[in-house]
*Asks:* 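Dumping the structure here so I can ask a few things about it.
Proteins get letters first, then strands, A, B, ... in listed order; numbering begins at 1 in each.
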There are 2 protein chains.
Amino acid sequence: MSEPTMSGAPRRRTWQRDAVRDALGERDGFVSAQALHAGLREAGSPIGLATVYRALADLAADGAADHLQVEGEALYRACGSSGHHHHLICRSCGKTVEIGAAEVEAWAKAVAAEHGFREAEHVVDVFGLCSDC
Amino acid sequence: MSEPTMSGAPRRRTWQRDAVRDALGERDGFVSAQALHAGLREAGSPIGLATVYRALADLAADGAADHLQVEGEALYRACGSSGHHHHLICRSCGKTVEIGAAEVEAWAKAVAAEHGFREAEHVVDVFGLCSDC
DNA sequence: TTGATATTGAGAATGAATATCAATACTATC
DNA sequence: GATAGTATTGATATTCATTCTCAATATCAA
């Protein structure tokens, strides 16, 4: 029998994974794997690109990071709140605000049910220009 | 002064563009450029891949097609309603329902304003399993 | 019909993301 | 603390979607 609540990820702790987690946490908004890797290298870290991709994928799988696709690129961000939430993102500087939206959750569920759809998930993100841009 | 209502696109009519528009219209859900091209070739059309990409980009720019990014792939769909709308998409068979959502529009605008964001746009799509899947 | 030019398409080029695989580092165990 | 077993790393090759190039061609207005 499988145990859904058990984290099936026996992850070893390495300075590389810590570096990626830390670097991601220091960023305000969403970053690409490429950009994060470039930043780490600039800061003197010899970490490899493939490792950054893997670390980010793991963080996302563990629920420690959010990710979204923009213009054919995957962007990641350290997760503040642990539960389900959405984002308000500045399309100029990348500044991001995490937002909860009970109304939207309810709406999505209702719309799905209305059309006979089950197991509904949704993608909801708001893009704009923040007060500093 | 610019004229936002004027179509700044002096497009020439070619059988290739018509073929892409028609093929897209015949599909139920979202399709990738690659898939659409493969379908056209299978149907005997000698149309080139680059042309399909260009035609789809033009349709999207002209507001005749919607597009969204899934797993690093751009997907297109012929637009039913001309105005702003969202989608309810079956993640199994791709069946898509266009949905309007005044409540969500209002919510997005309110959330953006609340945090000092201007020129807010939003991405709202619901994925689920339709009644046939 | 003709001329100006937008469009096409085969293939090259780009760029993000993943696979490969030997060398290395982490963890539990003794 | 030493050691074996194995997950992880990283330089590089590879895949794959998308865009670019540019000569040949088709479209549209005159």
*Asks:* If only side-chain N and O atoms of A/Tyr53 are considered, is one of them under 4.0 Å from the OP1 or OP2 phosphate oxygen of C/dT18?
*Replies:*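 Looking at the OP1 and OP2 atoms of C/dT18, neither is under 4.0 Å from any side-chain N or O of A/Tyr53.
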*Asks:* Count the heavy atoms belonging to other residues, nucleotides or ligands that lie under 6.0 Å from CZ of A/Arg21, then report whether that count exceeds 12.
*Replies:*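 It does not: A/Arg21 CZ has 12 such atoms or fewer within range.
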*Asks:* Atom NE2 of B/His37 and atom P of D/dT18: how far apart are they, to the nearest Å?
*Replies:*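 In whole Å, D/dT18 P lies 13 Å from B/His37 NE2.
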*Asks:* Find the distance A/Glu71:CD to C/dA17:C1' and express it as a whole number of Å.
*Replies:*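 Answer to the nearest Å: 17 Å.
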*Asks:* Please tell me which of A/Ile47 and B/Ala50 maps to the more 5' nucleotide of DNA chain D, matching each residue to the nucleotide holding its nearest heavy atom.
*Replies:*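 Nearest nucleotide further toward 5': that of A/Ile47.
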*Asks:* Round to the nearest Å and state the distance from B/Trp15 atom CH2 to C/dT8 atom P.
*Replies:*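 Taking CH2 of B/Trp15 and P of C/dT8, I get 9 Å after rounding.
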*Asks:* B/His122 and A/His87: aromatic ring centres closer than 6.0 Å?
*Replies:*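 Ring-ring flag for B/His122/A/His87: false, centres at least 6.0 Å apart.
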*Asks:* Hey, is the side chain of B/Gln16 poking within less than 4.0 Å of OP1 or OP2 on C/dT7, counting only N and O atoms?
*Replies:*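 Indeed not, no polar side-chain atom of B/Gln16 lies that close.
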*Asks:* Using whole Å, what does the distance between atom C1' of nucleotide D/dA17 and atom CD of B/Gln69 come to?
*Replies:*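 It is 11 Å, rounded to the nearest whole Å.
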*Asks:* Picking from A/Leu56, A/Leu68, A/Leu36, what satisfies side-chain contact (heavy atoms from CB on, under 4.5 Å) with A/Leu75?
*Replies:*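 Between A/Leu75 and the candidates, side-chain contact (heavy atoms from CB on, under 4.5 Å) is satisfied uniquely by A/Leu68.
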*Asks:* A/Leu36 CG to C/dA17 P: how many Å, rounded?
*Replies:*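 For the pair A/Leu36 CG and C/dA17 P, the rounded distance is 12 Å.
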*Asks:* OP1 or OP2 of D/dT8 versus the side-chain N and O atoms of A/Arg17: is any pair under 4.0 Å?
*Replies:*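 Answer is yes, contact under 4.0 Å.
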*Asks:* Kindly point out which of D/dC28, C/dG9, D/dG5 is positioned nearest to the side chain of A/Arg12?
*Replies:*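 Closest nucleotide among those given: D/dG5.
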*Asks:* Report the base-pairing partner of D/dA29 (Watson-Crick or G-U wobble, both distances below 3.5 angstrom), or none.
*Replies:*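 In the structure as shown, D/dA29 has C/dT2 as its Watson-Crick or wobble partner.
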*Asks:* CZ of A/Arg41 versus C1' of D/dT9: gap in Å, rounded?
*Replies:*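 Computing the A/Arg41:CZ to D/dT9:C1' distance gives 12 Å.
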*Asks:* Round to a whole Å and report the spacing from CD of B/Gln34 to C1' of D/dT18.
*Replies:*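 Value for this atom pair: 8 Å.
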*Asks:* Under the side-chain hydrogen bond (donor to acceptor under 3.5 Å, both in side chains) test against A/Asp66, which residue among A/His86, A/His85, A/Arg77 passes?
*Replies:*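 So the option named by the test is A/His85.
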*Asks:* For B/Leu75 and B/Thr14, take the nucleotide of DNA chain D holding the closest heavy atom to each; which residue's nucleotide lies nearer the 5' end?
*Replies:*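 Result: B/Leu75.
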*Asks:* For the pair made of CZ in B/Arg11 and C1' in C/dT8, what is the distance, rounded to whole Å?
*Replies:*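 Going from B/Arg11 (CZ) to C/dT8 (C1'), I get 15 Å.
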*Asks:* Hey, could you give me the CZ/CD distance between B/Phe127 and A/Glu121, rounded to the nearest 0.5 Å?
*Replies:*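 These two atoms lie 9.0 Å from each other.
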*Asks:* Give a yes/no answer on whether the side chain of A/Arg54 brings an N or O atom under 4.0 Å of OP1 or OP2 in C/dT18.
*Replies:*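 For A/Arg54, the contact criterion (side-chain N or O under 4.0 Å from OP1 or OP2 of C/dT18) is not met.
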